[in-house]
Asker: 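Take this structure, written in C-alpha cells, and hold onto it; I'll ask about it next.
A note on names: the letters A, B, ... follow the listed sequences, proteins ahead of strands, and every chain is numbered from 1. Remember, it's a predicted structure, so these values are computed and weren't measured experimentally.
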Number of protein chains: 2
Amino acid sequence: MNQKTVSEQTLRRLPVYLHYLRSVRGERECISATALAQAFGLNDVQVRKDLGSVSGLGRPKVGYAVEELIAQLEGFLGCRAATSVILVGAGHLGTALLSYAGFLDYGLDICAAFDCAEDVIGRRVCGIPVLSSEELEAYCRAHCIHLAILTVPASAAQQMCDRLVGCGIRAIWNFAPTILRAPAGVTVENENLASSLAVLTRHLNEGRRTEAGESI
Amino acid sequence: MNQKTVSEQTLRRLPVYLHYLRSVRGERECISATALAQAFGLNDVQVRKDLGSVSGLGRPKVGYAVEELIAQLEGFLGCRAATSVILVGAGHLGTALLSYAGFLDYGLDICAAFDCAEDVIGRRVCGIPVLSSEELEAYCRAHCIHLAILTVPASAAQQMCDRLVGCGIRAIWNFAPTILRAPAGVTVENENLASSLAVLTRHLNEGRRTEAGESI
DNA sequence: CTGATATAAATAATTTTATATCGATATTTT
DNA sequence: AAAATATCGATATAAAATTATTTATATCAG
C-alpha cells in the first residue's frame, strides 16, 4: 500500500493535476511530468515528486499512463467513495456552491442544505433539499455526517460551528469571513478570500511602483 | 518607510489579523501578539514577526496599540485607496461575490459586472450594474481597470482570460476550476476549492483510520 | 525605588518545501 | 545493433517558513 505521508503543499497540488488529467484523457495515452509542469508553470522535478508519492510507475521517455494515474489520484484523494456532506446557509454563496456540479468529481456529495429563513425552507436547489436548521442535529446523527460546508453570515458562524461540533462534525469548510474556534480533532479550513486578495493587490502595487521608476 | 519585502505566507495572514483587530477595536486599547496568536491558534513568535514586518512598535508588557496597528495594516495592504475591479460572469457565484459587502473593507471596489446572458444584462445586483460582455474592452480602457474577478464557467475561462489580458488587466482572480495561462506580468490567483477539499478529506480519513485501530 | 512579571525583539535551530544534479532506462534514430 | 535522447527516480542542495530559545525592556505592586 502506498500510504506515505504526503506534505500539505503536495496534497493541495494533487487535485489540480487530477483535474488537468481528466481534461486530457482520451486525447493522449501518456503524459510526462515535464509536460504537466509546463502546463502549470511548475518545476518538473516537483511534479515528479508529487506524483511519485501516489504512483511510482512513470516510464522513462514516455511518462505516466493517463488513465492509470487518474485512477491512482482518485484512489488517494478518496474521490471514489463519495463523502456525504451538508451545507449550512443557503444564501447567495451557499446556492452557488450547491449548484456547482464539480464537487462530485472530487468525491463530495452534498446531501442536504440548512437555513433558517422560512422562504427557502422546503425548496430544492439543484435537487438538494433545503431543510430547517432546527433539524440539523437530528439529520447529522441519522446520516452520520462528518463534514459541513459553512456559508452563514460571519455573525452566526461561531455559534453554528459549535452546534456542528456538538452533533459529530469533524471537519468544517468555512466560507464565513471569521476565524472559528473548534476543539482539537475538528479541522477547520478557512476559505479566506481576503488572503488571496492581498496577494493580488500587492502585485498590482508592485507593478505600479516599478512603472513609476524608483531608480536610485 | 517600512517597505520590506514580506513573504507570501505572511502577506496572507495580514488580512486575517486586520479583520480580527477591526472586530475588537473599541473593546480594547492594546493587544499582545500572544493574545492574537491564541485567537488564531498560531505561534506567538510568528505573529510578532508578521506584525514586525509592517509595524514594529509593540511595547513590552502592553502589546500593540489596536488603532495604530489597524492603520498600519490598512496602509500596507492598500485598503485606503480603493482599487477598482470588474467581475466577469454574473452567475450564482458571481452574484454571491457581488453581494459580499466585505470587499470594500479590503480596498476593493467592484464597479461593474459583465455577462453575456440577455436576461441579466441591464439589471443591477447590489447596486452594481451588469453590462454586456461586448462592452468589456471599452469599459476597461475607459476606467483604467487592472484587476478582474473571473467567475465564468470553466469552458469559457481561458478565452475570457485572453480578452482581459488584451485590454490591460494585470491581475486575475480566477474562480473557474481551470488553470489559466497568462503572459508574464499578469498574475493569476486561482481560488482552488478542490485543494482545500483535499486537506479536509484527508483529515476525515485519517480520523477514520486511527479510530479503526491499526494496532500492530 | 526595587524586584517580579509579562512581553517584545533578536537570534538560533528545526522543519518543510522547492530546486538542482546525476545515473539508469526505455524509446527512437541511424 | 549502437548511439542519441527524453524522461524517470533518487539523492543532494538550497531556500523558505516555522518554532524554540534567549535577551532586553517596560509596567506594576509593594
Asker: Once you round to the nearest 0.5 Å, how far does CD of A:Glu137 lie from CZ of A:Arg163?
Answerer: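 Nearest 0.5 Å value for the CD-CZ distance: 4.5 Å.
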Asker: Would you please test A:Arg22 and A:Glu74 for salt bridge (Lys or Arg N to Asp or Glu O under 4.0 Å) and show each step?
Answerer: CA-CA 11 Å; A:Arg22 279 172 173 160; A:Glu74 286 178 346; 2.9 Å; yes
Asker: Flag the pair B:Glu8 and B:Arg12 as a salt bridge only when some basic side-chain nitrogen lies within less than 4.0 angstrom of an acidic carboxylate oxygen.
Answerer: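 Looking at B:Glu8 and B:Arg12, the cut-off is met.
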Asker: For A:Leu57, which contact category applies under a 4.0 Å heavy-atom criterion: base, sugar-phosphate, or nothing?
Answerer: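 It contacts sugar-phosphate atoms only.
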Asker: In whole Å, I'd like the distance from the CD atom of B:Gln9 to the C1' atom of D:dT18.
Answerer: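 The answer, rounded to whole Å, is 10 Å.
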Asker: For a quick test of reading the model: is some side-chain N or O of B:Ser7 closer than 4.0 Å to OP1 or OP2 of D:dA17?
Answerer: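 Answer yes for this pair, as a side-chain N or O of B:Ser7 is under 4.0 Å from OP1 or OP2.
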Asker: Rounded to the nearest Å, what distance is computed from the CZ atom of residue B:Arg48 to the C1' atom of nucleotide D:dT18?
Answerer: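 Taking atom C1' of D:dT18 as the reference, CZ of B:Arg48 is at 14 Å.
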Asker: Can you tell me the distance, in whole Å, between the CG atom of B:Leu42 and the P atom of D:dA20?
Answerer: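 The answer, rounded to whole Å, is 13 Å.
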Asker: With under 30° as parallel and over 60° as perpendicular, where do the rings of A:Phe175 and A:Trp173 fit, or are they tilted in between?
Answerer: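 The rings of A:Phe175 and A:Trp173 sit tilted, inter-plane angle from 30° to 60°.
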Asker: Over all strands shown, is A:Val62 touching base, sugar-phosphate only, or nothing at heavy-atom distances under 4.0 angstrom?
Answerer: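 Sugar-phosphate only.
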Asker: Mind checking A:Thr10 for me? I need base, sugar-phosphate or nothing, with any heavy atom below 4.0 Å counting as a touch.
Answerer: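 Touches nothing.
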Asker: Side-chain donor-acceptor pair under 3.5 Å between B:Asp162 and B:Gln158, yes or no?
Answerer: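 Yes, because at least one side-chain N or O of B:Asp162 sits under 3.5 Å from a partner of the opposite role on B:Gln158.
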Asker: Over how many whole Å does the gap from A:Glu8 atom CD to D:dA16 atom C1' extend?
Answerer: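 Distance, rounded to whole Å: 15 Å.
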Asker: Could you list where the contact with chain A starts and ends along DNA chain C, reading 5' to 3', using a 4.0 Å heavy-atom cut-off?
Answerer: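 Using the under 4.0 Å cut-off, the span is C:dT17 to C:dT27.
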Asker: Which part of the nucleic acid, if any, lies within contact of A:Arg12, taking any heavy atom under 4.0 Å across all strands shown: a base, the sugar-phosphate backbone alone, or nothing?
Answerer: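 Result for A:Arg12 = nothing.
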Asker: Taking CD from A:Gln46 and P from D:dA14, how many angstroms apart are they, rounded to a whole number?
Answerer: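 Those two atoms, CD and P, are 18 Å apart.
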Asker: Of the nucleotides D:dT18, D:dT19, D:dA26, which one has an atom closest to the side chain of B:Lys61?
Answerer: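 The listed nucleotide nearest to B:Lys61's side chain is D:dA26.
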Asker: Between D:dT19 atom P and B:Asp50 atom CG, what is the distance in whole Å?
Answerer: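 Roughly 11 Å, once rounded to whole Å.
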Asker: Separation of A:Asn43 atom CG from D:dA14 atom P, in whole Å?
Answerer: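 Computing the A:Asn43:CG to D:dA14:P distance gives 16 Å.
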Asker: Once rounded to the nearest 0.5 Å, what's the spacing between atom OH of B:Tyr64 and atom CG of B:Leu21?
Answerer: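 With rounding to 0.5 Å, OH (B:Tyr64) is 11.0 Å from CG (B:Leu21).
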Asker: How long is the line joining CD of A:Gln38 and C1' of D:dA6, in whole Å?
Answerer: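 So the CD-C1' distance, A:Gln38 to D:dA6, works out to 14 Å.
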Asker: Quick one: label B:Arg59 by what it contacts on the DNA or RNA (base, sugar-phosphate, nothing), any heavy atom closer than 4.0 Å.
Answerer: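 Answer is sugar-phosphate: B:Arg59 comes under 4.0 Å of backbone atoms only.
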Asker: May I ask you to test the A:Asp109-A:Val85 pair for a side-chain heavy-atom distance under 4.5 Å?
Answerer: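 Of all side-chain heavy-atom pairs linking A:Val85 with A:Asp109, none is under 4.5 Å.
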